[in-house]
Amino acid sequence: MLIGELAARTGVPTRLLRYYEEQGLLEPSRLPNGYRSYDDGLIERVTQIRGLIDAGVPTRIIREILPCLDDPTTFHVFDSSPELVASLREYHDQLDARVRCLARNRDALATYLAAVHPH
DNA sequence: CTTCTGACA
DNA sequence: TGTCAGTA
């Protein structure tokens, strides 16, 4: 599929799809006319990338773990540099902190709702 | 009409 | 990230 279709199906702007390619996160093939051609399976990958970016993981880190995203079991087999592991632990902790904060506010709102609209 | 590259905010 | 330019 062309970049426009992938953008429509993933919700990721064409501008970003080209940017992710520039960052080494995607490598679509090219049609005779120079247009980028994306594999159907890349829809998942784009979703994967978006999720990581939304989680605060920089494209540089995503690029390093991307080769293993398809098969996590091969992760440590290939690359497990101490630096990368340390970075991942850092982002994991940051994410964990955000999750806790969200859960806390969710519960606070639930309590408020229960008070104003008891059942 | 869609995509491409490069550039600027 | 958004958007504009000038093409193919």
Side-chain angles (χ1 to χ4, degrees):
Chain A
M1 72 180 100
L2 298 181
I3 193 171
E5 186 183 344
L6 181 61
R9 311 216 318 200
T10 62
V12 178
T14 61
R15 170 74 178 76
L16 291 185
L17 291 174
R18 298 194 182 93
Y19 174 67
Y20 296 157
E21 177 182 354
E22 191 180 296
Q23 298 304 300
L25 274 35
L26 295 172
E27 29 199 291
S29 56
R30 295 281 181 159
L31 266 33
N33 59 10
Y35 285 15
R36 272 166 265 250
S37 179
Y38 298 84
D39 245 68
D40 286 35
L42 286 179
I43 293 180
E44 285 183 34
R45 165 153 295 200
V46 172
T47 300
Q48 189 103 235
I49 293 172
R50 279 288 350 153
L52 290 170
I53 288 178
D54 288 339
V57 181
T59 59
R60 197 203 108 222
I61 299 299
I62 298 177
R63 186 193 314 129
E64 300 183 79
I65 62 177
L66 214 48
C68 315
L69 254 42
D70 307 305
D71 184 7
T73 59
T74 65
F75 178 67
H76 58 288
V77 178
F78 282 83
D79 188 342
S80 62
S81 70
E83 301 75 38
L84 179 58
V85 175
S87 295
L88 294 180
R89 222 189 293 286
E90 182 185 336
Y91 294 116
H92 168 277
D93 293 344
Q94 289 178 10
L95 209 47
D96 184 60
R98 289 172 58 192
V99 169
R100 289 173 187 287
C101 183
L102 288 173
R104 202 165 133 193
N105 289 144
R106 173 203 57 197
D107 294 342
L109 291 184
T111 298
Y112 172 79
L113 289 174
V116 298
H117 188 358
H119 287 302

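Not measured: the values here are computed from a predicted model. Letters A, B, ... mirror the listed sequences (proteins, then strands); counts begin at 1.
Whole-Å rounding puts the A:Tyr19 OH to B:dA7 P distance at 16 Å. Atom CG of A:Leu17 is separated from atom P of B:dT2 by 16 Å (rounded to the nearest Å). A straight line from CD1 of A:Ile3 to P of B:dC4 spans 5 Å, rounded to a whole angstrom. When the P atom of C:dT7 is taken as reference, atom OH of A:Tyr35 falls 15 Å away, rounded to whole Å. Rounded to whole Å, the distance from CG on A:Asn33 to P on B:dT3 is 11 Å. Remark: P of B:dC4 and CZ of A:Arg30 are 6 Å apart, rounded to the nearest angstrom. In this structure, CZ of A:Arg18 is placed 7 Å from P of B:dT3, rounded to the nearest angstrom. The CG-P distance, from A:Leu31 to B:dT3, rounds to 11 Å in whole Å.
Classification of A:Arg60 and A:Glu83 as a salt-bridged pair fails, no side-chain N sitting under 4.0 Å from a carboxylate O.
Base-pair partner of C:dA8: B:dT2 (Watson-Crick or G-U wobble, both distances under 3.5 Å).
Open room surrounds CZ on A:Arg104; 12 or fewer heavy atoms of other groups in view lie less than 6.0 Å from it.
Under 4.0 angstrom from either OP1 or OP2 of C:dT1 there lies at least one side-chain N or O belonging to A:Tyr20.
Comparing B:dC4, B:dT3, C:dG2 by their nearest atom to the side chain of A:Arg36 picks out B:dC4.
A donor-acceptor contact under 3.5 Å is formed by the side chain of A:Arg15 with the base of C:dT3.
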Practice task
Decide side-chain contact (heavy atoms from CB on, under 4.5 Å) for A:Val46 and A:Tyr38; before the verdict, give the C-alpha distance in whole Å, the side-chain angles of both, and the deciding distance to 0.1 Å.
Solution key: CA-CA 11 Å; A:Val46 172; A:Tyr38 298 84; over 6 Å; no
Exercise for the section: Test A:Glu44 against A:Gln48 for side-chain contact (heavy atoms from CB on, under 4.5 Å), laying out the working first. Expected result: CA-CA 6 Å; A:Glu44 285 183 34; A:Gln48 189 103 235; 5.8 Å; no
